[in-house]
Amino acid sequence: MCGIVGYIGGKDATPIILNGLRKLEYRGYDSAGIAVLNNETKIEVRRDAGKLDNLVNLVAREPVTGSIGIGHTRWATHGEPNARNAHPHVGTTGRVVIVHNGIVENYQELHEELAAEGVTFNSDTDTETIVHLIERYISKTGSLEESVQKTLQQIRGAHGLVVLSADEPDKIIAARIGNAGGVVIGYGEDEMFVASDIPAILDQTHRMSFLESRQMAIVSRKGVIVKTFDGKPITPVIQTINWDPIAAEKGEFRHFMQKEIHEQVRSLTDTLAGRVDFEKGIIQLPQLNLTSETARKISKIIITACGTAAHAGMVGKILIERIARIPVEVDIASEFRYRDPIIQPGTVVLAISQSGETADTLAAMEEGRLKGATTWSIVNAIGSQAMRVADGYISMQVGPEIGVASTKAFTAPMVDLYMLAILLADLRGTLPVDQRKKLVNDLRLVPDLAGRCLERELEVAELASELKDSKNALYLGRGINMPIAYEGALKLKEISYIHAEGYPAGEMKHGPIALIDKDMPVIALAPKDPWYEKMASQIEQAKARGGKVIAVATEEDKKIEQLADFCLWIPPVPWMLSPILTVIPLQILAYHIAAIRGLDVDQPRNLAKSVTVE
Ligand code: AGP
């Protein structure tokens with residue numbers, strides 16, 4: 001979704017903003033623009049459709065300089081993705097300019113009202129109404145701050161907004177309403193930054209604070225004043241973000257996705273760090289604030305999430321039900337809030353989100369909260385809304401994930417859910433000590449085992465060359481590896497644009513078996529888990545219909561080796577942890593197919609990294 005960067009200080013704002021926008025490309029966008037206050041008097045805007053390089057080239061041909069500026073990458077919602085609709089948008093006077101993330105839900109009505117007052121619109125966007133409203137109020141009050149405040153009270157929907165005025169060149173105003181994405185304030189020496197997301201400014205500063213909904217920040221080069229929309233002063237909490245800016249660079253890899261797949265040894269190690277005491281065989285998740293008493297009161301857990309995060313939740317359901325014997329439902333977040341879900345006493349709504357800003361997931365958390373549930377989140381982005389609004393959270397600790405296709409932020413939450421299941425069972429007194437110690441000890445080897453899967457990249461790449469021209473693919477799994485079939489299929493379709501279906505293998509005979517012929521690759525998840533025999537017979541059924549079967553199987557498994565046409569091997573692993581490994585060859589497979597097809601792996605068409613609109 002849209003990305004925002006702003007700068008105020010003593011340096012040239014243009015390279016800082018363009019560099020920040022580069023770091024936000026991963027969010028997904030279709031046009032970009034920059035506005036700089038030239039000599040503190042005149043607003044200069046450059047905008048172009050398409051990739052950021054188009055804007056960079058435009059700026060090289062028609063330079064803009066100044067020490068205050070704002071920039072934007074736009075993911076179109078209202079109006080085509082062309083230069084005219086790209087942000088920043090300037091008002092009629094040419095003295096005010098804005099960038100915006102969100103949808104003005106009442107924009108038709110505001111548009112008509114402004115047009116009736118004689119305002120001429122220069123774009124087809126909903127955003128443009130905002131700048132005209134601000135100008136309307138400036139003409140009455142003379143104050144930018146007051147005008148932004150009044151405007152924000154008039155627009156409906158969720159928004160992140162940054163505003164600059166040539167008449168008040170000593171400040172940038174940023175504001176947030178609801179969950180249209182975050183607003184991050186960065187603290188430098190005699191300079192300040194504003195952004196929609198941490199990586200945009202991470203190479204400038206590690207000191208950041210975050211706006212809550214209905215707060216605005218008046219940012220000058222000396223610091224920031226934060227207030228609620230009704231004027232109540234807020235003391236911002238400055239956090240030190242320890243993410244390594246290099247982690248947000250591709251390094252030796254061709255794509256971020258490939259780098260992030262390979263980072264899983266490290267991210268899984270970091271996921272365990274500080275949480276697992278292997279000596280005592282115990283798990284600690286302090287940010288959940290759990291006690292024996294509160295754990296015993298839990299009657300049900302509803303896991304809610306979208307996309308890949310929901311697939312991690314499906315694995316979590318099996319883990320928590322098996323280990324902690326607490327009933328778990330998994331609800332797709334975009335469905336949850338619209339069906340008036342039943343929340344009984346003792347229910348926990350547990351959201352999983354890499355970005356922590358997914359609008360549907362945040363709305364599901366809110367629905368749970370309103371109905372009296374305790375809310376927890378498993379979240380990666382530090383300071384994100386899902387982390388802040390939850391009663392308790394588990395931080396993923398995987399560092400920035402830039403590739404749109406989620407990889408390391410899929411394996412980490414599965415480990416988090418495994419640890420959560422052990423902790424809950426332990427606190428509820430239902431897990432014998434020897435079993436707890438065994439389950440905890442099993443975690444010890446997970447990062448290394450993930451590394452062994454990664455070592456087989458070349459074998460997987462070989463298969464990718466064979467499958468690159470497939471039109472369809474069917475992914476089958478059962479039990480704890482059934483969600484991995486969904487995830488494998490999602491990875492393939494989102495980055496390679498090959499149609500793929502994930503299916504519970506036992507359901508195949510109820511319909512999808514009709515699809516199987518020699519042109520339909522069937523990817524079957526058949527590691528040594530409790531569903532292994534069932535999967536083996538499923539493979540036989542697919543083979544009997546002429547299907548080409550690729551099995552994800554445990555090393556040395558002669559039976560599957562004979563049955564399948566090709567095997568992607570994982571090392572032996574306790575079955576409850578097997579999804580963490582079985583997904584890795586499927587991530588690599590999707591990656592190489594997309595890379596061979598020459599596609600934009602990290603920014604696939606139409607997709608955004610954090611989906612902050614409904
Ligand atoms: C994963 O590869 C996706 N691009 C997508 O499904 C993602 O997992 C989903 O949008 C949820 O995002 P979140 O984890 O940031 O909430």
Side-chain angles (χ1 to χ4, degrees), residues 1-2 4 6 70 72 77-78 87-93 95-119 121 123 125-168 171-185 194 196 209-220 224-236 357 359 362-363 366 370 385 388-389 612-614:
M1 302 274 126
C2 306
I4 291 175
I70 54 180
H72 191 264
T77 56
H78 291 63
H87 299 208
H89 288 285
V90 187
T92 314
T93 61
R95 308 297 289 164
V96 181
V97 63
I98 66 165
V99 289
H100 170 234
N101 192 356
I103 294 173
V104 182
E105 288 171 4
N106 52 337
Y107 103 100
Q108 284 291 10
E109 172 188 326
L110 294 170
H111 191 286
E112 279 164 29
E113 195 181 307
L114 288 159
E117 286 173 17
V119 171
F121 283 80
S123 76
T125 64
D126 54 331
T127 296
E128 201 188 334
T129 54
I130 302 179
V131 70
H132 292 306
L133 284 174
I134 295 173
E135 283 196 336
R136 176 213 262 175
Y137 290 119
I138 288 180
S139 70
K140 292 180 186 153
T141 67
S143 151
L144 178 64
E145 185 183 324
E146 205 180 323
S147 304
V148 171
Q149 228 164 27
K150 283 189 184 312
T151 301
L152 292 173
Q153 273 149 5
Q154 216 179 332
I155 57 174
R156 285 206 300 271
H159 310 276
L161 182 71
V162 181
V163 188
L164 198 62
S165 163
D167 296 319
E168 299 189 31
K171 62 177 74 110
I172 290 175
I173 296 190
R176 172 175 194 163
I177 307 180
N179 301 324
V183 177
V184 182
I185 313 289
V194 181
S196 52
S209 67
F210 303 89
L211 287 192
E212 298 286 351
S213 180
R214 310 197 74 76
Q215 289 182 355
M216 59 194 288
I218 297 99
V219 187
S220 67
V224 61
I225 296 170
V226 180
K227 307 176 172 178
T228 62
F229 287 180
D230 32 27
K232 195 172 136 235
I234 301 286
T235 309
E357 299 290 354
L362 293 173
E366 177 65 1
L370 290 173
Q385 190 76 346
R388 285 178 294 143
V389 299
T612 53
V613 295
E614 248 198 85

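We're numbering straight along the sequence, starting at 1.
When atom types are taken as modelled, the side chain of Asn106 and the backbone of Gln154 share a donor-acceptor pair closer than 3.5 angstrom. Under a 3.5 Å cut-off, the side chain of His72 and the backbone N or O of Cys2 do not form any donor-acceptor pair. Between the side chain of Gln149 and the backbone N or O of Asp230 there is no donor-acceptor pair closer than 3.5 Å. Looking only at distances, a side-chain donor or acceptor of Glu135 sits under 3.5 Å from a matching main-chain atom of Thr93. Panel note: side chain Gln385, backbone Leu362; no donor-acceptor pair is recorded below 3.5 Å. When atom types are taken as modelled, the side chain of Gln215 and the backbone of Glu212 share a donor-acceptor pair closer than 3.5 angstrom.
Between the side chains of Glu128 and Ser123, at least one donor N or O lies within less than 3.5 Å of an accepting N or O.
Proximity of Thr151 to Ile130: side-chain heavy atoms (C-beta onward) are separated by under 4.5 Å at one or more points. Between Ile218 and Lys227, some side-chain heavy-atom pair lies under the 4.5 Å cut-off. For the pair Pro236 and Ile185, the minimum side-chain heavy-atom distance is 4.5 Å or more. Taking the side chain as every heavy atom from C-beta outward, Val119 and Glu113 never approach each other to under 4.5 Å. Taking the side chain as every heavy atom from C-beta outward, Val131 and Val97 never approach each other to under 4.5 Å. Contact annotation: the side chain of Leu110 approaches that of Ile155 to within less than 4.5 Å [non-hydrogen atoms, C-beta and beyond]. Residues Thr228 and Arg214 form no side-chain contact, since every pair of their non-hydrogen atoms from C-beta on lies 4.5 Å or further apart.
For the residue pair Leu211 and Ala174, the shortest heavy atom distance occurs at CD1-O, 3.8 Å. In terms of heavy atoms, Ile172 sits closest to Leu164 at CG1-CD1, 3.7 Å. Looking at every heavy atom in both residues, Lys150 comes nearest to Tyr137 through CD-CD2, 3.5 Å. Here the shortest heavy-atom pairing between Ile4 and Gly160 reads CD1-O, 3.9 Å. Of all heavy-atom pairs spanning Ile138 and Ser143, the tightest one is CG1-O, 4.1 Å. Minimum interatomic distance between Ala217 and Val224 (heavy atoms only, all atoms of both residues): CB-CG2, 3.6 Å.
For the atom pair OG1 of Thr129 and CD of Glu112, the computed distance is 12.0 Å after rounding to the nearest 0.5 Å. To the nearest 0.5 Å, atoms CG (Leu161) and CD1 (Ile98) are separated by 5.5 Å. Atom CD1 of Ile173 and atom CD of Glu146 lie 11.0 Å apart (nearest 0.5 Å). Atom NE2 of His100 sits about 12.5 Å away from atom CD1 of Ile70, to the nearest 0.5 Å. Note that CG of Leu114 is 5.5 Å distant from CZ of Arg136, once rounded to the nearest 0.5 Å. In this structure, Ile177 CD1 and Arg156 CZ are separated by 12.0 Å, a value rounded to the nearest 0.5 Å.
The existence of a salt bridge linking Lys171 and Glu145 is excluded, since no basic side-chain nitrogen approaches an acidic carboxylate oxygen closer than 4.0 Å.
Note on ring orientation: taking the six-membered ring where Trp is involved, the planes of Phe121 and His132 are perpendicular (angle over 60°, cut-offs 30° and 60°).
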